[in-house]
Amino acid sequence: MVKGEGSVIGRIWTWLRRPSARLAWSTIFLAGAVGGIVFWGGFNTFMEYSNTMEFCISCHEMRTGPYAEYKKSIHYQNASGVRVICSDCHVPKPWGAKLWRKIRASNELVHKALGTIGTPEKFEAKRRELAERVWASMMASNSRECRNCHSYAAMDFHKQSRRARDKMKEGLEEGKTCIECHKGIAHKLPAALDDEDED
């Protein structure tokens, strides 16, 4: 039987040689969907990896400075056995805010490459500027990252010391945000700020 336009084999042959527009668009859509899933999976996986403690302390500036200070804090070891990590305090949980924080963090990578805080002396010289930037961000978000774990509604004021209870209630009444009273909770305060507090 000769292959012709009217025969079954001829139609299959024509279909194989010139796929229909529907098949082409289906293939493009499928390839785009698979590519999108792979891209999104890889992107999201890296976003989550960059929130791990291992990633945060992978450079010596963080490991020997802020991480060493954090290990002496109540957020590292405490009676309840709850440990927070860098991203719990420094990275928002809502996806849009988290993405914006990661974009801003790319500036930190540039300064890492430039060696802006590459030595303990350089870090100490920039400590106040860095701390004030974090505090301003926390003030702007009403200490959102603190409130992921801490809540006035969940606090048992009777289990706090009298001074802590009075201060917490005062802060609640005045509508203060956590960072207004708890600077230096996980890292030491900049030297200049420590001196001001002693006055």
Side-chain angles (χ1 to χ4, degrees), residues 43-76 78 82-155 164 167-168 170-197:
F43 179 76
N44 202 45
T45 299
F46 181 75
M47 285 262 290
E48 290 307 311
Y49 171 69
S50 68
N51 281 344
T52 64
M53 182 67 81
E54 294 76 24
F55 181 84
C56 292
I57 62 169
S58 61
C59 63
H60 75 276
E61 293 90 350
M62 291 296 114
R63 193 171 43 256
T64 59
Y67 178 65
E69 297 165 9
Y70 150 79
K71 285 176 68 177
K72 296 175 187 171
S73 78
I74 191 98
H75 280 128
Y76 182 78
N78 52 65
V82 176
R83 179 176 291 167
V84 298
I85 62 172
C86 305
S87 60
D88 292 325
C89 298
H90 294 282
V91 180
K93 299 248 185 272
W95 200 85
K98 180 193 299 187
L99 181 62
W100 180 243
R101 175 65 185 105
K102 296 295 182 178
I103 291 168
R104 286 186 15 241
S106 62
N107 183 46
E108 295 164 17
L109 296 175
V110 169
H111 285 283
K112 161 68 178 156
L114 294 174
T116 307
I117 57 170
T119 66
E121 296 78 22
K122 287 180 179 179
F123 184 84
E124 284 306 318
K126 301 269 295 172
R127 182 183 284 270
R128 182 164 186 162
E129 177 188 336
L130 297 169
E132 287 179 348
R133 192 175 302 145
V134 171
W135 297 336
S137 175
M138 291 178 118
M139 286 286 292
S141 72
N142 193 21
S143 296
R144 172 186 47 218
E145 284 67 53
C146 301
R147 294 174 195 281
N148 285 332
C149 298
H150 302 282
S151 159
Y152 280 125
M155 284 182 190
K167 288 293 188 183
M168 291 301 288
E170 181 184 308
L172 177 60
E173 289 166 8
E174 293 176 10
K176 287 187 172 181
T177 187
C178 308
I179 199 63
E180 289 181 73
C181 301
H182 293 284
K183 293 176 177 150
I185 191 76
H187 305 290
K188 73 179 192 176
L189 290 169
L193 200 61
D194 251 349
D195 296 342
E196 290 171 15
D197 288 345

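Under a 4.0 Å N-O distance rule, the pair Arg133/Glu129 qualifies as a salt bridge. Salt-bridge annotation for Lys167 and Glu173: absent, with no side-chain N of the basic residue lying under 4.0 Å from a carboxylate O of the acidic one. Classification of Lys93 and Asp88 as a salt-bridged pair holds, one side-chain N sitting under 4.0 Å from a carboxylate O. Salt bridge annotation for Glu61-Lys126: absent, with no cationic side-chain nitrogen under 4.0 angstrom from a carboxylate oxygen.
When atom types are taken as modelled, the side chain of Thr52 and the backbone of Phe55 share a donor-acceptor pair closer than 3.5 angstrom. Proximity of a side-chain donor or acceptor of His75 to a complementary backbone N or O of Val84 within less than 3.5 Å is not detected. Put simply, the side chain of Asn78 gets close to the backbone of Val82: a donor and an acceptor are under 3.5 Å apart. Between the side chain of Arg128 and the main chain of Ala191, no donor-acceptor pair closer than 3.5 Å is present. A donor-acceptor pair under 3.5 Å is formed between the side chain of Thr64 and the backbone N or O of His60. Distance alone, capped at 3.5 Å, is enough to place a donor-acceptor pair between the Thr177 side chain and the Ser143 backbone.
Between Tyr49 and Asn44, every side-chain heavy-atom pair lies at or beyond the 4.5 Å cut-off. Glu145 is not listed as a side-chain neighbour of Val91, based on a closest heavy-atom distance of 4.5 Å or more. Contact check for Cys178 versus Arg147: side-chain heavy atoms found under the 4.5 Å cut-off. In this structure the side chain of Met62 never reaches within 4.5 angstrom of the side chain of Cys56, judged on heavy atoms. A heavy-atom distance below 4.5 Å is not found between the side chains of Tyr76 and Lys72. Residues Val134 and His90 meet the side-chain proximity criterion, which asks for heavy atoms closer than 4.5 Å.
The nearest pair of heavy atoms linking Arg63 to Ile57 is NH1-O, 2.7 Å. When all heavy atoms of Ser73 and Ala186 are compared, the pair lying nearest together is CB-CA, 3.8 Å. In this structure, Tyr70 and Arg83 approach most closely via the heavy-atom pair OH-CG, 3.3 Å. Across Arg101 and Pro92, no two heavy atoms sit closer than the pair CB-CD, 3.7 Å. Minimum interatomic distance between Trp135 and Pro190 (heavy atoms only, all atoms of both residues): CH2-CD, 3.9 Å. Taking both residues in full, the closest heavy atoms of Cys89 and Met138 are given as O-CE, 3.8 Å, listed atom of the first, atom of the second, then distance.
Looking at Asn51 and Lys102, their side chains do bring a donor and an acceptor atom within 3.5 Å of each other.
Expressed to the nearest 0.5 Å, how far OH of Tyr67 lies from NZ of Lys71 amounts to 4.5 Å. How far CD1 of Ile117 is from SG of Cys59: 7.0 Å, rounded to the nearest 0.5 Å. Asn107 CG to Lys112 NZ: the interatomic distance, rounded to the nearest 0.5 Å, is 14.5 Å. Expressed to the nearest 0.5 Å, how far CD of Glu180 lies from CG of Asn142 amounts to 9.0 Å. In this structure, CD1 on Ile179 lies 9.0 Å from CE on Met139, to the nearest 0.5 angstrom.
Among Glu69, Glu121, Glu132, the single residue meeting the salt bridge (Lys or Arg N to Asp or Glu O under 4.0 Å) criterion with Arg127 is Glu69.
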For this session: For the pair Lys122 and Thr116, evaluate side chain to side chain donor-acceptor pair (under 3.5 Å) and give the outcome as yes or no after the intermediate values.
Result: CA-CA 7 Å; Lys122 287 180 179 179; Thr116 307; over 6 Å; no
Problem set entry | Chi angles and distances behind the salt bridge (charged side-chain N to carboxylate O under 4.0 Å, His left out) call for Lys98, Glu48 | CA-CA 10 Å; Lys98 180 193 299 187; Glu48 290 307 311; 3.0 Å; yes
